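Data first, discussion second: the structure below is written as structure tokens.
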Amino acid sequence: MRYLPLSDNDRASMLERVGVKSVDEIFSDIPEKARIEGLLDLPRRSGEMAVERDLSRLSAKNVSASSVPFFVGAGAYKHHVPATVDHLIQRSEFLTSYTPYQPEITQGTLQYLFEFQTQVAELTGMDVANASMYDGSTGTAEAVLMAHRVTRRKKAVLSGGLHPQYRAVVEGLSDMANDEVVSLPADPNGTEDILARIDKETSCVVVQSPSFYGQLIDLKPIAEKAHENGALLIAVFTEVVSLGLIEPPGAQGADIVVGEGQSIGNPLTFGGPYVGLFATKQKYIRQMPGRLCGETVDAEGKRGFVLTLSTREQHIRRDKATSNICTNSGLCCLAFTIHMTLLGGKGLSQLARINHTNAVKLKKALSAVPGVEVINKAFFNEFTVKLPKPAAEVTEALVARGVLGGVPVSRLEPGKKDLENLLVVASTEVNTDEDRAEFAKALKEVLA
Amino acid sequence: MSMNTQGRPTSAGDAGEAAHKTFTGNKGLAMEEPLIFEIGHQNITGVDLDEPEDFEAELGGHARQERIDLPALTEPEAMRHYVRLSTKNYAIDSGLYPLGSCTMKHNPRLNEKAARMPGFADIHPLQPLSTVSGAVDLMDELSHWLMTMTGMSAVALSPKAGAHGELCGMMAIKAAHRANGRDPKVVLVPESAHGTNPATAALLGYKVVAVKARDDGTVDTDEVKAKIAENEGNVAGIMLTNPNTCGIFERDIIEIAEAIHAADAYFYCDGANFNAIVGKAKPGDLGVDAMHINLHKTFSTPHGGGGPGSGPVVLSDRLAPYAPLPFLRKGKDGVELVETTEGVAEGEMPFGRMTAFHGQMGMFVRALAYMKSHGSDGLKQASEDAVLNANYVRVGLEDLMSLPFGSRWCMHEVLFDDSFLKDTGVSTLDFAKAMIDEGYHPMTMYFPLVVHGAMLIEPTESESRASLDLFVATLRDLVMSAKKGETERFSGAPYLAPRRRLDETQAARKPVLKWERPSATEVQPAAAQ
Ligand SMILES: Cc1ncc(COP(=O)(O)O)c(C=O)c1O
């Protein structure tokens with residue numbers, strides 16, 4: 001077998017050295033009735049060519065984003081990633097290294113994590129960022145738990161603009177941990193009165209901007225009301241490119257900023273692996289979940305980096321840890337930070353302007369289709385349209401016309417009549433004028 | 001300078017810096033590399049974008065007021081920056097990585113190629129399901145392999161890593177108790193458990209009750225029974241690692257499972273060490289109710305310097321109904337992905353959702369490529385080789401190093417304690433750091449907590465016999481050196497790595513967690529820093 005260096009001769013002489021007649025002797029602690037006789041009922045080994053052929057066949061059954069006019073967002077976004085990124089993250093020394101527990105021989109990983117943390121802190125407008133969470137949704141649940149520790153309260157208020165699956169993750173964990181959650185009803189155009197829901201028992205208010213529906217939300221009054229009541233504002237985003245153009249949550253008074261970093265550097269990959277960005281204020285760092293990389297010096301006084309403040313973490317603090325997270329999104333952080341380094345702050349802002357421009361163009365194109373109503377006034381690269389019929393039927397009909405035209409809200413919020421006709425559409429830098437025209441044309445046909 | 005047979009220098013410090021100081025601080029191919037903030041600029045770019053001609057804002061007054069203060073690098077500069085950084089890392093591809101409990105095996109590049117196929121890498125989790133049937137089929141096929149290997153009835157694919165899988169499994173257990181109208185508060189966790197086990201139980205509000213190990217490193221079955229009795233009616237489950245973190249198969253596991261089940265509790269198995277027993281035993285036959293599988297350990301998806309991982313959880317009949325959303329359901333028209341409670345059929349009681357979307361698809365593809373490559377015969381051979389390699393290392397070292405539980409077979413990893421270093425003035429940490437100078441990544445240290453100064457060595461099946469021979473010879477040389485009182489080789493180690501020992505106390509006392517622009521008075525030459 002091509003991955004196994006031992007030859008049968010090696011095996012025989014090693015078994016002799018170990019002092020057993022057969023390898024099964026070493027496995028004799030396994031209770032007899034649980035031992036597998038012979039082989040598992042699975043196919044035998046395959047050569048590289050055969051495996052590749054098999055998987056290509058499965059791959060070919062899927063419609064890839066690049067092959068059609070593509071307007072699907074709602075938490076994951078199709079962006080162009082420079083070729084350099086994918087090349088560099090496949091460097092053996094990055095790809096096949098473990099968590100940098102031995103800093104003397106993992107300065108490569110540690111330095112990019114330090115750079116990553118600096119970039120995330122600057123983008124979000126916060127003091128410090130950690131070395132990543134699994135993704136935006138689990139990061140949001142961790143942010144809520146952190147707010148509970150900081151405030152010693154147990155009630156989270158979730159905006160109706162929060163991504164429904166993020167909400168489900170928070171609700172599920174809170175339910176199991178016996179914490180309280182107040183979830184506001186779906187809020188497509190950002191008109192909910194969340195201020196009225198904040199009281200002295202509130203631990204945190206969780207608000208997404210741009211919202212799941214694409215609406216930009218003014219966080220300042222929410223931060224103010226939260227702070228008056230001793231609660232924290234957790235600001236969530238699913239489209240990190242938006243930070244290139246809109247006021248960072250930190251500048252609007254957020255206490256914890258958490259979001260999905262996939263858009264920068266990482267492919268869609270059907271939902272994962274992605275990279276959760278997590279930032280907060282200096283005063284809360286000891287309550288943060290996840291790994292932190294910090295600067296220090298070595299025995300010769302040279303600058304170097306280490307994982308630090310580990311007394312928050314499970315491997316030291318066990319059942320008193322701030323989180324159970326161990327493996328995080330290391331390599332996706334690397335992809336993020338390389339892409340971000342190629343862009344720079346200026347490049348990101350420019351990319352964001354292109355995204356916004358494309359979304360505005362898409363809005364115009366779709367608004368011109370009879371029966372279509374755009375419901376958001378302020379948005380970034382995504383918005384929601386109201387259709388004259390159920391959106392799920394429409395997206396299927398669009399598939400037949402070779403267009404992937406957005407996400408029906410009902411896919412995530414099924415059974416709600418008032419949301420049934422809503423479609424969330426996104427337009428990033430990858431879309432051309434022709435793509436948009438094709439989308440509008442197909443939509444017109446479908447609605448006719 | 002003395003050399004060994006491989007031509008490596010054997011005395012520390014020979015190639016040290018004192019021998020030859022350079023202007024740049026570089027040492028030949030070992031380059032110093034500043035931070036991007038010290039070399040980048042705002043007025044260059046690594047991505048050519050066209051400024052939109054017709055930009056009009058519909059941002060409703062939410063526009064950013066201040067520019068983003070982050071520099072860029074052009075493509076050649078970025079390439080050099082990251083390539084230079086990469087050379088400061090140890091990696092599986094560069095040497096033996098005996099990190100116990102982490103299964104640092106070879107990461108086949110076929111897997112990388114497959115994961116990048118457009119039908120996997122370039123599909124959106126929420127595009128119409130009719131356009132991703134191949135992806136759903138792949139998840140189904142992976143599920144089939146996982147269930148067959150473990151002998152379990154269901155699998156939740158979505159957890160993002162091992163610890164997330166633990167959370168998923170324990171949430172399923174809690175949901176099952178609730179469905180039975182129960183609310184037990186205690187979870188038993190052996191002292192040898194990984195930190196994620198107690199941390200996970202605590203996240204869900206459980207009280208963690210520790211279970212002691214026996215003198216042979218296995219969980220004390222009588223202790224388990226005693227703890228169950230002490231907390232009668234209040235035990236939710238046990239979290240047990242098997243093979244355990246001492247590298248030993250828990251031979252009383254069925255008895256423990258039966259005791260747990262008799263107390264109406266569930267058996268969570270930490271499957272981090274599954275690599276030892278794939279094709280040799282099925283967890284389902286051992287009484288396991290839930291077990292996460294680290295695809296980034298057993299099934300070779302790369303660790304990537306800390307992640308991403310993937311931690312699918314296999315579930316027994318008793319827990320299968322509570323599997324979280326999304327899950328796969330076989331129908332008459334093939335496999336279906338159930339994403340919301342609306343789609344749930346009778347008998348399905350998902351406890352909720354672990355994450356947005358469907359899990360770590362990129363890792364699913366890699367793991368399946370690995371499984372198909374090995375097949376039933378290769379998977380079994382891999383486990384046998386992993387176990388053989390660990391035992392080969394054990395017999396190569398047991399006369400010089402100390403086995404806390406006596407000379408007995410181990411599974412895929414071998415645990416030593418520090419008693420062989422007694423009176424040498426060398427600690428486990430020093431010993432490990434001296435391995436770095438010899439070109440090895442240290443073994444896992446100070447874990448598990450049940451033995452003093454633990455050193456946990458997991459060579460994996462990816463090592464050749466020659467590689468193991470050199471590793472063993474190197475450790476023997478180090479032990480002899482420690483016993484001879486050559487403390488200098490250890491106390492200051494590593495001498496030859498990109499950095500000497502780093503001051504972790506300073507890092508924690510005054511945390512510097514991001515780069516700050518230096519004030520004008522303290523501008524330093526970046527390269528020399
Ligand atoms: C025994 C054991 N359990 C659980 C974990 C946690 O897995 P992960 O890091 O994937 O969350 C690890 C790995 O670090 C481990 O070694």
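Quick caveat: nothing in here was measured; it's all calculated off a predicted structure. Below, chain A is the first sequence line, B the second, and so on; all start at residue 1. Computation of the quantities below employed the complete heavy-atom set of this structure, encompassing side-chain atoms and omitting hydrogens, waters and symmetry-equivalent molecules.
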Which bit of [X] is near chain A, if near means a heavy-atom gap under 4.5 Å: side chain, backbone, both or neither?
X	answer
Leu99(B)	side chain
Ala201(B)	neither
His441(B)	both
Asp69(B)	both
Asn43(B)	both
Glu58(B)	both
Leu325(B)	neither
Met104(B)	side chain

What part of [X] gets within 4.5 angstrom of chain B, counting heavy atoms only: side chain, backbone, both, or neither?
X	result
Glu115(A)	both
Pro103(A)	both
Leu145(A)	side chain
Ile89(A)	side chain

Residues [X] and [Y] bridged, charged N to O under 4.0 Å:
X	Y	answer
Lys61(A)	Asp137(B)	yes
Glu104(A)	Lys433(B)	yes
Asp122(B)	Arg116(B)	no
Lys160(B)	Asp135(A)	yes
Arg64(B)	Glu247(A)	no
Lys113(B)	Glu52(A)	yes
Glu384(B)	Lys280(B)	yes

> Does His163(A) use its side chain to pair, donor to acceptor, with the backbone of Gln165(A) at less than 3.5 Å?
Replying inline: yes

> Of all residues at least two apart in sequence or in a different chain, which pass the side-chain hydrogen bond (donor to acceptor under 3.5 Å, both in side chains) check with Lys282(B)?
Replying inline: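 side-chain hydrogen bond (donor to acceptor under 3.5 Å, both in side chains) list for Lys282(B), sorted by chain: empty.
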
I'd like to know which of [options] tops the heavy-atom pair count under 4.5 Å against chain A.
options	result
Arg251(B), His106(B), Met171(B), Lys380(B)	Met171(B)
Ala202(B), Gly352(B), Pro198(B)	Pro198(B)
Thr340(B), Asn107(B), Leu59(B), Thr200(B)	Leu59(B)
Gly492(B), Ala63(B), Gly309(B)	Ala63(B)
Ala356(B), Ala161(B), Ala497(B)	Ala356(B)
Ala382(B), Ala57(B), Pro442(B)	Pro442(B)

> Can you check ring-ring contact (aromatic ring centres under 6.0 Å, His included) on Phe447(B) and His315(A), steps first, answer last?
Replying inline: CA-CA 9 Å; Phe447(B) 173 81; His315(A) 61 284; 9.8 Å; no

> Under the ring-ring contact (aromatic ring centres under 6.0 Å, His included) test, which residues partner Phe27(A), sequence neighbours left out?
Replying inline: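 Phe27(A): no ring-ring contact (aromatic ring centres under 6.0 Å, His included) contacts found.
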
